[in-house]
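Notes for the one structure printed next.
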Amino acid sequence: MKFGVVVFPGSNCDQDCVHVLRNVLGQDVVELWHADRSVDNVDCLILPGGFAYGDYLRAGAVAAMSSIMSSVKAFAQTRRPVLGICNGFQVLLEAGLLPGAMLRNHSHQFRCQPVWMRVESTRSPMMWKLREGQVLQMPVAHGEGNYFAPDTILEELERSGRVVFRYCDAEGEIGEKANPNGAARNIAGICNEAGNVVGLMPHPERAAEAVLGSTDGRLIFESIIAYLYAWVMAAR
């Protein structure tokens, strides 16, 4: 399988994603510059974390208007996987590929810490190796991770199983103390209606090797790989 990691000016987690995909999981990876217009030669797109364009205006707002995003939108319409991590999630929101918005953390402080999150739904094909109720540990590193959406959208996300991750404690309990940023309903990640576009604030690429303290993030990438192989085989 071939992964494309989109690189914006200010991205700083792109090489982490490249390393995990290429060196840990043995996948073919190419880096796609924000000015590129073609993404047709890859099977999955990753929008990594960082501070794209310095997060001017709002986090992800300028990146959402970059040249490559029209191709990302067209790619998503083919139902191939698109994963947005942290700043990448913010870009997907600003580009309209996912609903809602990110506000400043309720503490008004940058949060860089390990968190727990519970798998709420496996509706997305990108969750193949995960199970509902499973608790994962990964780090967060953001100043604008406070997910917000109107109640009507939140209810629709809940009803349709599109809340894929929710902040919790180590036992899987949902509560205010487990919420690092004040996100509505402890939401840590969501997917689109088709399930092929997923955004999450925690960093799976920083939890894919034992030396980093957790390998839980590896399950997300392995799920995508498993789905891609099944999807390619079905296409044949």
Side-chain angles (χ1 to χ4, degrees), residues 1-25 27-36 39 41-56 58-69 71-73 75-76 80-95 97-98 102 110-112 114-115 117 124 126 136 138-145 147 164-165 188-192 196-209 212 214 216-225 228:
M1 294 298 109
K2 193 170 188 177
F3 287 78
V5 177
V6 179
V7 183
F8 300 101
S11 295
N12 63 16
C13 300
D14 47 307
Q15 291 306 309
D16 301 61
C17 291
V18 170
H19 165 72
V20 170
L21 290 165
R22 179 179 293 155
N23 301 323
V24 178
L25 297 172
Q27 301 301 304
D28 190 7
V29 188
V30 294
E31 297 170 51
L32 302 171
W33 187 232
H34 70 110
D36 292 341
V39 298
N41 63 335
V42 300
D43 302 299
C44 174
L45 288 173
I46 308 287
L47 278 64
F51 302 91
Y53 294 92
D55 277 346
Y56 290 114
R58 295 178 308 277
V62 179
M65 297 183 287
S66 64
S67 298
I68 201 170
M69 289 307 296
S71 297
V72 173
K73 291 177 182 179
F75 183 93
R80 284 176 287 178
V82 178
L83 177 66
I85 303 169
C86 194
N87 193 223
F89 185 9
Q90 295 163 340
V91 175
L92 293 177
L93 292 170
E94 291 287 342
L97 284 165
L98 291 172
M102 285 295 175
F110 188 89
R111 292 298 188 194
C112 184
V115 299
M117 65 179 188
S124 169
M126 296 164 66
L136 309 173
M138 299 177 202
V140 293
H142 57 250
E144 297 180 43
Y147 180 75
V164 292
F165 297 115
I190 62 173
C191 71
N192 67 342
N196 67 305
V197 179
V198 171
L200 75 161
M201 289 309 294
H203 287 264
E205 79 283 5
R206 297 184 184 179
E209 298 174 274
L212 299 177
S214 173
D216 290 345
R218 188 168 167 169
L219 292 170
I220 293 176
F221 295 113
E222 289 176 341
S223 293
I224 296 173
I225 294 167
L228 284 172

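Of the inter-residue distances, the one linking C17 atom SG with R206 atom CZ reads 9.0 Å to the nearest 0.5 angstrom. The distance from atom CG of L83 to atom CD1 of I46, rounded to the nearest 0.5 Å, is 4.5 Å. Here the straight-line distance linking atom CD1 of I224 with atom SG of C44 works out to 4.5 Å at 0.5 Å rounding. Atom CD1 of I85 sits about 9.0 Å away from atom CE of M138, to the nearest 0.5 Å. The NE2 atom of H19 lies 13.5 Å from the CG atom of D14; values are rounded to the nearest 0.5 Å. Taken to the nearest 0.5 Å, the CG atom of L25 stands 4.5 Å off from the CD1 atom of I225.
A 4.5 Å side-chain heavy-atom check between S67 and W33 finds every atom pair outside the cut-off. A 4.5 Å side-chain heavy-atom check between L45 and V39 finds at least one atom pair inside the cut-off. At least one side-chain heavy atom of M69 sits under 4.5 Å from a side-chain heavy atom of V72. In this structure the side chain of I190 reaches within 4.5 angstrom of the side chain of F89, judged on heavy atoms. Counting only heavy atoms from C-beta outward, the side chains of R218 and V20 never approach each other to under 4.5 Å. A 4.5 Å side-chain heavy-atom check between F221 and Q27 finds every atom pair outside the cut-off. At least one side-chain heavy atom of F165 sits under 4.5 Å from a side-chain heavy atom of I220. Using a 4.5 Å heavy-atom threshold, the side chains of L228 and F3 count as touching.
Contact between V18 and E31 at its shortest, heavy atoms only, is CG2-CG, 4.0 Å. Contact detail for V198 and S124: the closest heavy-atom pair is CG2-OG, 3.6 Å. Taking every heavy atom of both residues into account, V30 and V42 meet most closely at CG2-CG1, 3.6 Å. Taking all atoms of both residues into account, the shortest heavy-atom contact from G143 to F110 is N-CD1, 3.5 Å. Minimum interatomic distance between L98 and G199 (heavy atoms only, all atoms of both residues): CD1-N, 3.6 Å. The shortest heavy-atom contact between A59 and D55 is CA-OD1, 3.4 Å.
Without hydrogens or angle criteria, D16 side chain to E205 main chain gives no donor-acceptor distance under 3.5 Å. The backbone N or O of E144 lies less than 3.5 Å from a partner atom in the side chain of Q90, making a donor-acceptor pair. Listed for the R111 side chain is no donor-acceptor partner under 3.5 Å among the backbone atoms of A141. With hydrogens and angles ignored, the 3.5 Å screen pairs no side-chain donor or acceptor of N196 with any backbone N or O of P81.
Residues meeting the side chain to side chain contact (heavy atoms under 4.5 Å, CB included) test with D28, sequence neighbours left out: K2.
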From CA spacing to verdict: side chain to side chain contact (heavy atoms under 4.5 Å, CB included), L93, Y147: CA-CA 10 Å; L93 292 170; Y147 180 75; 4.0 Å; yes
Pair H203-C13, side chain to side chain contact (heavy atoms under 4.5 Å, CB included): steps then yes or no: CA-CA 9 Å; H203 287 264; C13 300; 3.7 Å; yes
Side chain to side chain contact (heavy atoms under 4.5 Å, CB included) assessment of V5 paired with V29: CA-CA 7 Å; V5 177; V29 188; 3.9 Å; yes
Test log, rule side chain to side chain contact (heavy atoms under 4.5 Å, CB included), inputs S223 and M126: CA-CA 5 Å; S223 293; M126 296 164 66; 5.7 Å; no
